[in-house]
A.B. asks: 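Sending over a structure as structure tokens; questions will come in a sec.
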Protein chains: 2
Amino acid sequence: MVTIYDIARLSGVSKSTVSRVISNHPYVSTETKSKVIKVMQEYNYVPNSLAKQFRQKKSKCIAILIPDLNHPYFSQLVKYISADCYKSGYKTVVHQTFLNKEIEREVYTQLREYEYDALILTSSTLSEEEIAENTRNKIIVACNEDYRGDYFDVFCLNEEEVTMKATSHLISKGITKLGFCSDNISSPLQKARLKGFILAHAKKGLKHNKSLLFNEISSIEDGIMLGNSLFKDNLKIEGIIAGSDFVAAGLIRSAVSNNIQIPQHCSIVGFDNHPISLVTNPQISTISNHIPDMSNDLVNHIVNKINGVKQPPIKKVYKGEFINRNSS
Amino acid sequence: MVTIYDIARLSGVSKSTVSRVISNHPYVSTETKSKVIKVMQEYNYVPNSLAKQFRQKKSKCIAILIPDLNHPYFSQLVKYISADCYKSGYKTVVHQTFLNKEIEREVYTQLREYEYDALILTSSTLSEEEIAENTRNKIIVACNEDYRGDYFDVFCLNEEEVTMKATSHLISKGITKLGFCSDNISSPLQKARLKGFILAHAKKGLKHNKSLLFNEISSIEDGIMLGNSLFKDNLKIEGIIAGSDFVAAGLIRSAVSNNIQIPQHCSIVGFDNHPISLVTNPQISTISNHIPDMSNDLVNHIVNKINGVKQPPIKKVYKGEFINRNSS
DNA sequence: ATGAAAGCGCTAACAG
DNA sequence: CTGTTAGCGCTTTCAT
């Protein structure tokens with residue numbers, strides 16, 4: 001391996017000068033610079049970034065914590081975050097937890113061990129306190145997880161409010177047997193949605209039906225299976241807040257197989273305004289998110305923090321909108 | 001920052017001993033070990049992995065090159081690869097190229113600069129030679145890109161053969177005006193598919209219709225737009241190999257809007273056997289892949305290579321199957 | 001504008 | 001089983 005020292009020797013300058021050439025430092029004469037560059041090319045020199053990272057105590061790398069990449073919402077989220085980080089000169093390591101607390105804790109350990117300059121949390125099964133405990137003094141930002149924001153920055157959607165709006169819409173159509181699907185109800189985001197769902201009932205003096213709360217429903221297949229149990233014999237349900245457009249698509253598929261008319265017999269609302277909501281029949285009423293904006297703001301913020309800008313934790317809330325299509 | 005030296009001093013042993021404790025080296029007495037551990041906890045010591053990586057010249061990190069994460073095929077692929085790498089003790093950095101050659105080359109530079117122990121290529125806009133040129137001596141494996149495998153290992157599907165099968169199926173139904181969609185025709189994978197498409201024609205003494213080759217078609221929206229142009233006035237087409245189930249779903253949506261019956265007026269075949277192929281009406285005929293197996297084999301292989309197992313480039317081909325549903 | 005020198009935190013021979 | 005020693009390749013004062 002040819003090192004900075006070899007290049008220095010070979011071009012008759014000192015290591016410092018070579019280092020200055022590599023990092024484009026201004027204090028180096030044009031002649032020396034071109035001489036050094038020539039030698040570097042001749043000997044096929046490549047700087048060792050591991051040494052640089054070690055020396056500077058900066059990995060130029062940000063970790064992203066998600067449950068599972070093969071999920072339209074998370075893959076979209078990571079797409080934007082990762083691309084924005086790249087633009088700011090940071091690589092991203094994607095960690096899938098599959099909702100396993102141990103894996104999640106290991107990532108916090110790596111963060112403490114200086115492997116990452118910061119961590120972006122998009123979902124967690126731990127409490128805000130436990131996360132703070134595991135990551136003290138480290139830079140950590142939550143993206144669309146509805147934490148209070150006492151210990152770290154939070155960028156999120158108004159999940160509670162917009163779920164309430166969608167639920168109220170269904171209630172105002174006279175629907176009472178109303179169901180709610182969540183992916184992982186222990187996450188703050190999903191709890192916020194449920195809160196909105198319950199609140200919409202409360203506003204009309206109604207109580208939600210606890211037997212129509214379904215957890216761990218996240219994919220098309222889950223939607224189909226849930227639909228089959230719901231639609232089979234007699235209709236146990238008149239409306240469903242589906243948690244994602246994919247679940248909604250599965251429910252609609254199941255309804256078709258079971259001769260249930262959507263929305264006449266049962267209204268369905270998805271989440272995320274994914275293009276899949278356009279290809280089902282009927283098209284899916286859904287809730288839009290603000291992933292590109294959120295990602296952009298979040299990455300700017302986190303880079304500032306890495307560069308030493310100090311400020312108390314902030315919480316920024318984006319407004320999702322209910323989009324009324326044909327499934328409700 | 002408390003270092004290994006501090007812990008050594010504080011617990012009355014040498015740095016080496018502390019190092020041995022950290023890495024669970026056997027040659028250290030139980031008493032010394034517990035004494036050192038106690039001091040480490042007391043002083044909240046965390047090892048600096050940047051130093052370790054530098055010292056060992058190993059980043060314990062593998063880069064994955066993909067065009068775009070927000071794509072059901074790639075997000076599934078990365079899900080498995082990333083999880084398998086994690087199990088083997090490697091982190092993964094996901095690099096989206098968005099088909100930009102410059103970004104791709106920068107990743108090769110990082111690879112040369114020791115930022116990654118290896119690189120997994122799932123798609124590239126460069127030739128096998130140029131890639132080899134950019135990454136000489138480095139460990140690099142192609143995953144489902146149909147390179148020849150002269151310079152690096154290749155794990156891929158029998159894209160050509162299975163596309164030929166699906167195309168032959170359509171031709172045997174008497175369809176002649178047959179279209180083909182690709183995402184990025186410069187990639188070897190897509191070229192292989194096209195070759196299969198053409199071959200199926202040739203076998204029946206037919207010529208494929210060049211005006212029915214559509215490139216840069218990859219999403220639901222693309223499928224809808226293409227369908228709208230194809231189905232609008234008079235039917236210019238009787239069958240389409242759609243390139244992905246998402247494109248197929250978009251085409252079906254467009255067909256519904258334009259009063260075209262699938263498959264009576266036009267047959268459609270997708271790719272990947274994604275669950276979306278179950279929720280459209282009709283359900284989509286498609287081609288299965290072998291992502292979990294491929295990922296598992298590939299990661300085992302790459303880890304062996306990192307650990308110094310030498311062997312000439314291998315090429316392993318998996319068999320995808322044509323699944324005949326209701327859209328064809 | 002350039003060089004000398006110190007050192008980042010850790011591992012790994014080697015010696016005992 | 002434990003300690004000594006010698007760096008890994010680079011950046012960064014501090015001189016000059």
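Being a predicted model, the structure only gives us computed values, none of them experimental. Each chain gets a letter, A, B and so on, in the order the sequences are listed, and its residues count up from 1. Side chains included, hydrogens not; waters and symmetry mates left out as well; all remaining heavy atoms used.
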A.B. asks: Using a 4.0 Å heavy-atom cut-off, write out nucleotides 11-16 of chain C from 5' to 3' as B (base contacted by protein), S (sugar-phosphate only) or - (no contact).
C.D. replies: BBB---
A.B. asks: Please lay out, stage by stage, how B:L119 and B:I62 fare under the test side-chain contact (heavy atoms from CB on, under 4.5 Å).
C.D. replies: CA-CA 6 Å; B:L119 173 75; B:I62 293 175; over 6 Å; no
A.B. asks: Using atom NZ of A:K58 as one end and atom P of D:dC10 as the other, report the distance to the nearest whole Å.
C.D. replies: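 Rounded to whole Å, this separation is 19 Å.
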A.B. asks: Taking only side-chain N and O atoms of B:S14, does any of them lie within less than 4.0 angstrom of OP1 or OP2 on D:dG3?
C.D. replies: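 True: B:S14 side-chain N/O within range (under 4.0 Å) of D:dG3 OP1/OP2.
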A.B. asks: Just how far, in rounded Å, is P of D:dG9 from NZ of A:K57?
C.D. replies: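 Atom-to-atom, A:K57 to D:dG9, this comes out as 18 Å.
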A.B. asks: Could you give the CD1-to-P distance, from B:I7 to C:dG9, as a whole number of Å?
C.D. replies: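 The distance from CD1 of B:I7 to P of C:dG9 comes to 13 Å, rounded to the nearest Å.
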A.B. asks: The criterion is ring pair (Phe, Tyr, Trp, His ring centres under 6.0 Å); which residues satisfy it with B:F152, sequence neighbours excluded?
C.D. replies: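 B:F152 satisfies ring pair (Phe, Tyr, Trp, His ring centres under 6.0 Å) with B:Y147 only.
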A.B. asks: Expected output is a numbered-order residue list: members of residues 26-50 of chain A with a heavy atom under 4.0 Å from any atom of DNA chain D. What is it?
C.D. replies: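 DNA chain D contact set from residues 26-50 of chain A: A:Y45, A:P47, A:N48.
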A.B. asks: Will you find, in the side chains of A:Y108 and A:E104, an N or O donor that is under 3.5 Å from an N or O acceptor?
C.D. replies: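 On atom types as modelled, these side chains qualify, holding a pair under 3.5 Å.
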A.B. asks: Looking only at heavy atoms, what is the nearest atom pair of B:D68 and B:F74, with distance?
C.D. replies: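 The pair with the smallest heavy-atom distance is O-CB, 3.7 Å.
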A.B. asks: Round to a whole Å and report the spacing from CZ of B:F54 to C1' of D:dA6.
C.D. replies: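 Taking CZ of B:F54 and C1' of D:dA6, I get 13 Å after rounding.
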A.B. asks: For residues 136-145 of chain B, tabulate all N or O donor-acceptor pairs below 3.5 Å that involve a side-chain atom, not counting sequence neighbours.
C.D. replies:
from   : atom 1 : to     : atom 2 : distance (Å)
B:R136 : NH2    : B:E133 : OE2    : 3.0
B:N144 : OD1    : B:L157 : N      : 2.9
B:N144 : ND2    : B:Y73  : OH     : 2.7
B:E145 : OE1    : B:L189 : N      : 2.8

A.B. asks: Below 4.0 angstrom, which residues in residues 108-118 of chain A have at least one non-hydrogen atom near DNA chain D?
C.D. replies: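 Correct list: empty, so none.
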A.B. asks: Kindly assign one of parallel, tilted or perpendicular to the pair B:H95 and A:Y86, based on the angle between their ring planes and the thresholds 30° and 60°.
C.D. replies: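 If you compare the ring of B:H95 with that of A:Y86, the planes turn out perpendicular.
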A.B. asks: Rounded to whole angstroms, how far apart are CD on B:Q53 and P on D:dC8?
C.D. replies: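 Distance check: B:Q53 CD to D:dC8 P gives 19 Å.
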A.B. asks: What I want to check is whether the side chains of A:S186 and A:T125 have a donor and an acceptor closer together than 3.5 Å.
C.D. replies: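 The answer is no; no qualifying pair exists.
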A.B. asks: Give every donor-acceptor pair under 3.5 Å between a side-chain atom in residues 38-45 of chain B and any protein atom, sequence neighbours left out.
C.D. replies:
none

A.B. asks: Between B:T32 and B:S29, is there a side-chain donor-acceptor contact under 3.5 Å, judged purely by atom types and distance?
C.D. replies: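 Yes - a donor-acceptor pair under 3.5 Å links their side chains.
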A.B. asks: For a quick check under 3.5 Å, do B:Y318 and B:N289 share a side-chain donor-acceptor pair by atom type?
C.D. replies: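 Side chains of B:Y318 and B:N289: no pair found under 3.5 Å.
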A.B. asks: Is the side chain of B:E159 donor-acceptor paired with the backbone N or O of B:Q190 at a distance under 3.5 Å, no angle test?
C.D. replies: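 Between the backbone of B:Q190 and the side chain of B:E159 there is no qualifying donor-acceptor contact (under 3.5 Å).
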A.B. asks: C:dT2, OP1 or OP2 - any side-chain N/O from A:T17 closer than 4.0 Å?
C.D. replies: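 Answer is no, no contact under 4.0 Å.
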